[in-house]
> 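My questions will all concern the structure given below.
Chain A is the first sequence line, chain B the second, and so forth, proteins listed ahead of strands; every chain is numbered from 1. Note that the structure is a prediction, hence the values are computed from the model and not measured.
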Amino acid sequence: MDNKPANNFLYNIVAEDLAAGRVNQVVTRFPPEPNGYLHVGHAKSICLNFGLAEAFGGECNLRFDDTNPEKESPEYVASIEEDVRWLGYQWAGEVRYASNYFQQFYDWAVHLVEQGDAYVCDLNAEQAREYRGTLTEPGKNSPYRERDVAENLDLLARMKAGEFEEGSRVLRARIDMASPNMNLRDPILYRIRKVAHHQTGSEWCIYPTYDFAHGQEDAIEGITHSICTLEFEDHRPLYDWLIEHLPVPSRPRQYEFGRLNLNYTVTSKRKLKQLVDEGVVAGWDDPRMPTISGMRRRGFTPRAIRKFCEMIGVTRSDGVVDVAMLEHAIRDDLNENAPRAMCVLRPLKVVLTDYPADQVEQLAAPAHPSREDLGERALPFGRELYIDAEDFREEANKKFKRLVLGKRVRLRNAYVIEADEVVKDADGNVVEVRAHTIPGTLGNDPEDGVKPKGVIQWVSAAGGRQATVRLYDRLFTHESPDKGDNDFMTLVNPDSLQVVAGAWIEPGLAAAKPEQNFQFEREGYFVADRREHSEAAPVFNMTIGLRDTWNKG
RNA sequence: UGGGGUGUCGCCAAGCGGCAAGGCACCGGGUUUUGAUCCCGGCAUUCGCAGGUUCGAAUCCUGCCACCCCAGCCA
């Protein structure tokens, strides 16, 4: 893969900061909350944060922003670590957790109270909302805003000690209830949650909010460029306010970029979780999911995902990327690197009447048309074989470049054959084609000059194996499944999964290792299922079909 | 009607006062034992709109318009 650094506005900012000596080494972080599996949008953030550190010889931390125990779990922590590693990135040192710093945050909360910059507020959620005002009207000061330091300190300590009920009190910063920026209207710093935390157990019953945690985590870790998405832009003044009012060890800066939106796709942990919980898909790693683990199981490669992130760029404008770009990235990678093989999805038996019943030839074919380093594969060839039912017609016009009764076609990597007659069942369906080989056509055109118009894949009954092949289509039928009034759950594509139980695969394919990618010639790219494939019972998932300009329209 | 953002080809995206990169998609043509790949060619006299400054503007100024985000004790 090429290493030319992506040229985006953040890259330029880092370059300038380094050149101007504002920072000696760039330190970034990828800060997911472990409340779901990572998706393609996170891949963009991962590539950005790790990529920036990589490009400038800096470091990138993996930090779980685990400030809300109610939605988080160790399962998510484990999956996130696995996904980041799979994408090919290594975080600096140990994995970090916001929860590692809970004591420090608490001490800083006390510091704020002592400075008169924070207070304990007894308003409940509903009252707090009323006091907050609206977008166009200023808020009102809380009646508890002028409590003295001693009382605030006492109350805060008792909140921590578990003396108060959930929701009865919060710690708030004392900033400006009339600020046009809602985030500055005395934002909540701590709330009472009497639930166990996946990392700290029952040690705490008060938890810091995102705002009271994020900037301080960055400062503790010496993050120089704290990169987040656009919706946090309004939080930056608060981020800075906290950094300025606290004795933090460093001065991180926040920068925002536009999150990734993909058409025909939903990228929201909440919605993806709903698809999983309601059984629309088989799990977070269902190959139809835009999760990193789903794409992995679908057959995407880390290289393709990174290439895709490079292609889409990083800006502050929010657009919707055409999923065709993602598809291009994976096709491009697999075309270059995936070994070729033959698979017949809708088997139609062909009997070569001139070929001896007891004869089986061992043919050899290159694993890749241009990558000689990928070697060769063995293809047994015998009297009975299977071709795709769609590759045969009793009659057809000249645009049909496959097998037609009385005409010739080339069997890929083997002989040219000519169809003589068909055998039909009681319903008139063609169940067998009887044909003969054209002598001397292994590696050569027919001597009589009658060249076949097309080439089709095939699998010999002798040596061939059967397999389960899963064909996928987009999960949603609508371009913007979750935009506006659309209810994404009603826009799920009922035909997003098609299971082909009796496909025929060439012999070598059964021995494929899980997660090995192939191109099934003339069909598309497929991968041996990571979890269910075995030599005894082969299972392949379609990653993406080949471009098809013939079937178009 | 408050605040913060964004508007360059169907989509993504360079460009930062000197006369519109690139990718995806699409449309032609060539090669081909994958209707794939590959190759060649086409694809914005125009940069949300309207004024202004300038020899010269997508790039500067002014005013509009459109869209996105913010009223969780979510992140």
> Which listed nucleotide (B/G15, B/C74, B/U37) is nearest to the side chain of A/Asn7?
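It is B/G15.
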> Using only heavy-atom distances, decide whether a donor-acceptor pair under 3.5 angstrom links the side-chain of A/Gln457 to the base of B/U34.
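No, no donor-acceptor pair under 3.5 Å.
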> Inspect the surroundings of CZ in A/Arg259 and state if more than 12 heavy atoms from other residues, nucleotides or ligands are less than 6.0 Å away.
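Not more than 12 within 6.0 Å, no.
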> Could you please name the partner base of B/G10, counting Watson-Crick and G-U wobble pairs only when both distances are under 3.5 Å?
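Paired with B/G10, as far as the under-3.5 Å criterion goes, is B/C24.
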> Taking only side-chain nitrogens and oxygens of A/Thr315, does any of them come within less than 4.0 Å of OP1 or OP2 of B/A13?
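So the side chain of A/Thr315 is within the cut-off, an N or O lying under 4.0 Å from OP1 or OP2 of B/A13.
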> Measuring to OP1 and OP2 of B/A75, would you say a side-chain N or O of A/Thr67 lies under 4.0 angstrom away?
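So the side chain of A/Thr67 is within the cut-off, an N or O lying under 4.0 Å from OP1 or OP2 of B/A75.
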> Distance check needed: B/U6 P versus A/Glu233 CD, whole Å only.
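About 7 Å, once rounded to whole Å.
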> Look at the side-chain N and O atoms of A/Ser370 and state whether any lies under 4.0 Å from the OP1 or OP2 oxygen of B/C38.
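Answer no for this pair, as no side-chain N or O of A/Ser370 is under 4.0 Å from OP1 or OP2.
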> Taking the side chain of A/Asp234 as heavy atoms from C-beta outward, which of B/A13, B/C73, B/G3 is closest to it?
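Nearest to the side-chain atoms of A/Asp234, counting from C-beta on, is B/G3.
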> Using atom CG of A/Asp211 as one end and atom C1' of B/A71 as the other, report the distance to the nearest whole Å.
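In whole Å, B/A71 C1' lies 14 Å from A/Asp211 CG.
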> Under 4.0 Å: is that the gap between some side-chain N or O of A/Arg132 and OP1 or OP2 of B/G72?
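So the side-chain polar atoms of A/Arg132 do come within 4.0 Å of the phosphate oxygens OP1 or OP2 of B/G72, strictly under.
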> Quick one: classify the glycosidic conformation of B/G72 as syn or anti, with syn meaning within 90° of 0.
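Chi for B/G72 falls in the syn range.
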> Base, sugar-phosphate or nothing for A/Gly454? Non-hydrogen atoms, less than 4.0 Å.
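The answer is nothing, as A/Gly454 stays clear of every strand by at least 4.0 Å.
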> Rounding to a whole Å, what distance do you find between A/Leu411:CG and B/U34:C1'?
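Distance check: A/Leu411 CG to B/U34 C1' gives 13 Å.
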> To the side chain of A/Arg193, which of B/C74, B/C70, B/U34 is closest?
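Of all the options, the side chain of A/Arg193 is nearest to B/C74.
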> Within the 4.0 Å heavy-atom criterion, would you say A/Glu70 contacts the bases, only the backbone, or no part of the nucleic acid?
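No contact.
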> Determine the contact category for A/Gly167: base if any of its heavy atoms lies under 4.0 Å from a base atom, sugar-phosphate if only primed atoms, P, OP1 or OP2 are that close, otherwise nothing.
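Contact class for A/Gly167: base.
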> Quick one: does A/Arg129 reach the base of B/G72 with a side-chain donor-acceptor pair under 3.5 Å?
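Such a pair does not exist between side chain and base.
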> Classify A/Pro237 by what it touches in the nucleic acid, base, sugar-phosphate, or nothing, heavy-atom distance under 4.0 Å.
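Nothing, no nucleic acid heavy atom in range.
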> At less than 3.5 Å, do the side-chain atoms of A/Arg547 and the base atoms of B/U37 form a donor-acceptor pair?
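Side chain to base: no pair present.
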> Suppose we define a pair by two distances each less than 3.5 Å, Watson-Crick or G-U wobble; what does B/G2 pair with here?
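Base partner found: B/C70.
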> At their closest point, which heavy atom of A/Met542 faces which heavy atom of A/Glu523, and how far apart are they?
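Answer, listing the atom of A/Met542 first, then A/Glu523: CE-O, 4.4 Å.
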> Students often get this wrong, so: under 4.0 angstrom with heavy atoms, is A/Leu123 touching a base, only sugar-phosphate, or nothing?
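Base: the residue A/Leu123, judged by heavy atoms under 4.0 Å, touches a nucleobase.
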> Using Watson-Crick or G-U wobble geometry with both distances under 3.5 Å, which nucleotide pairs with B/C64?
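Matched B/C64 with B/G48 under the 3.5 Å cut-off.
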> Identify, between A/Ile192 and A/Glu231, the residue whose nearest nucleotide on RNA chain B lies closer to the 5' end.
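Looking at RNA chain B, the more 5' nearest nucleotide goes with A/Glu231.
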> In Å and rounded to the nearest 0.5 Å, what is the CD to CZ distance from A/Gln254 to A/Arg236?
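The distance works out to 6.5 Å.
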> Out of B/G35, B/A75, B/C38, which has the shortest distance to the side chain of A/Asp332?
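Given the options B/G35, B/A75, B/C38, the side chain of A/Asp332 is closest to B/C38.
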> Between B/G72, B/U34, B/G35, which one does the side chain of A/Phe400 approach most closely?
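Nearest to the side chain of A/Phe400 among the choices is B/G35.
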> Aromatic ring centroids of A/Phe308 and A/His328 under 6.0 Å?
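No, they do not, as the ring centres are separated by 6.0 Å or more.
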> Tell whether A/Asn181 reaches the base of B/G4 with its side chain through a donor-acceptor pair below 3.5 angstrom.
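Not at all, since no donor on one side and acceptor on the other fall under 3.5 Å apart.
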> Nearest whole angstrom, please: distance from the P of B/C73 to the CZ of A/Phe105.
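Spelled out: CZ on A/Phe105 to P on B/C73 is 19 Å.
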> Check for me: is A/Tyr210 stacked on B/A75 by the 5.5 Å centroid and 30° plane-angle rule?
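Not stacked by the 5.5 Å and 30° rule.
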> Calculate the interatomic distance between A/Glu310 atom CD and B/C12 atom P; express it in whole Å.
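My rounded result for the distance is 19 Å.
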> Would you check if the distance from the ring center of A/His214 to the ring center of A/Tyr210 is below 6.0 Å?
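For A/His214 and A/Tyr210, the ring centres are under 6.0 Å apart.
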> To the nearest Å, give me how far apart OH (A/Tyr207) and P (B/A75) are.
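Atom OH in A/Tyr207 sits about 12 Å away from atom P in B/A75.
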> Are the aromatic ring centres of A/Phe257 and A/Phe9 under 6.0 angstrom apart?
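Here the rings of A/Phe9 and A/Phe257 have centres that are no less than 6.0 Å from each other.
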> Among B/G35, B/U34, B/C12, find the nucleotide with the atom closest to the side chain of A/Leu546.
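Nearest to the side chain of A/Leu546 among the choices is B/U34.
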> Pick base, sugar-phosphate or nothing for A/Val320, based on heavy-atom distances below 4.0 Å to the nucleic acid.
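Sugar-phosphate: the residue A/Val320, judged by heavy atoms under 4.0 Å, touches backbone atoms but no base.
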> Measuring from the side chain of A/Asn335 (C-beta onward, heavy atoms only), which nucleotide among B/U37, B/A75, B/G3 has the closest atom?
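So the side chain of A/Asn335 is nearest to B/U37.
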> Considering only B/C12, B/U34, B/A75, which nucleotide approaches the side chain of A/Arg191 most closely?
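Among the listed nucleotides, the one closest to the side chain of A/Arg191 is B/A75.
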> Please tell me whether A/Ser226 and A/Arg29 have a donor and an acceptor in their side chains that are separated by less than 3.5 angstrom.
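There is such a pair between these side chains.
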> Using a heavy-atom cut-off of under 4.0 Å over every strand shown, decide if A/Ile188 touches base, sugar-phosphate, or nothing.
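Contact class for A/Ile188: base.
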> Is the count of non-hydrogen atoms from other residues, nucleotides or ligands lying under 6.0 Å from A/Gln362 atom CD greater than 12?
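Yes.
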> Choosing from B/G5, B/A71, B/C68, which nucleotide comes nearest the side chain of A/Asp318?
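My answer, after comparing the listed nucleotides, is B/C68.
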> With a 4.0 Å cutoff (strictly under), does any side-chain N or O of A/Arg316 reach OP1 or OP2 of B/U6?
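True: A/Arg316 side-chain N/O within range (under 4.0 Å) of B/U6 OP1/OP2.
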> Rounded to whole Å, please give me the gap between NZ in A/Lys399 and P in B/G35.
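Whole-Å distance recorded here is 15 Å.
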> Heavy-atom nearest nucleotide on RNA chain B for A/Ala125 versus A/Met311: which residue maps closer to 5'?
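Nearer the 5' end of the strand: A/Met311.
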> Can you measure A/Asn68 atom CG to B/C74 atom C1' for me and round it to whole angstrom units?
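Interatomic distance, CG of A/Asn68 to C1' of B/C74: 6 Å.
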> Which nucleotide in the list B/A36, B/U34, B/A71 gets nearest to the side chain of A/Thr134?
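Of all the options, the side chain of A/Thr134 is nearest to B/A71.
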> For residues A/Trp458 and A/Phe381, establish whether the separation of their ring centroids is below 6.0 Å.
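Ring-ring flag for A/Trp458/A/Phe381: true, centres closer than 6.0 Å.
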> Quick one: is B/A75 close enough that its OP1 or OP2 comes under 4.0 Å of any side-chain N or O from A/Thr209?
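No, no such contact exists.
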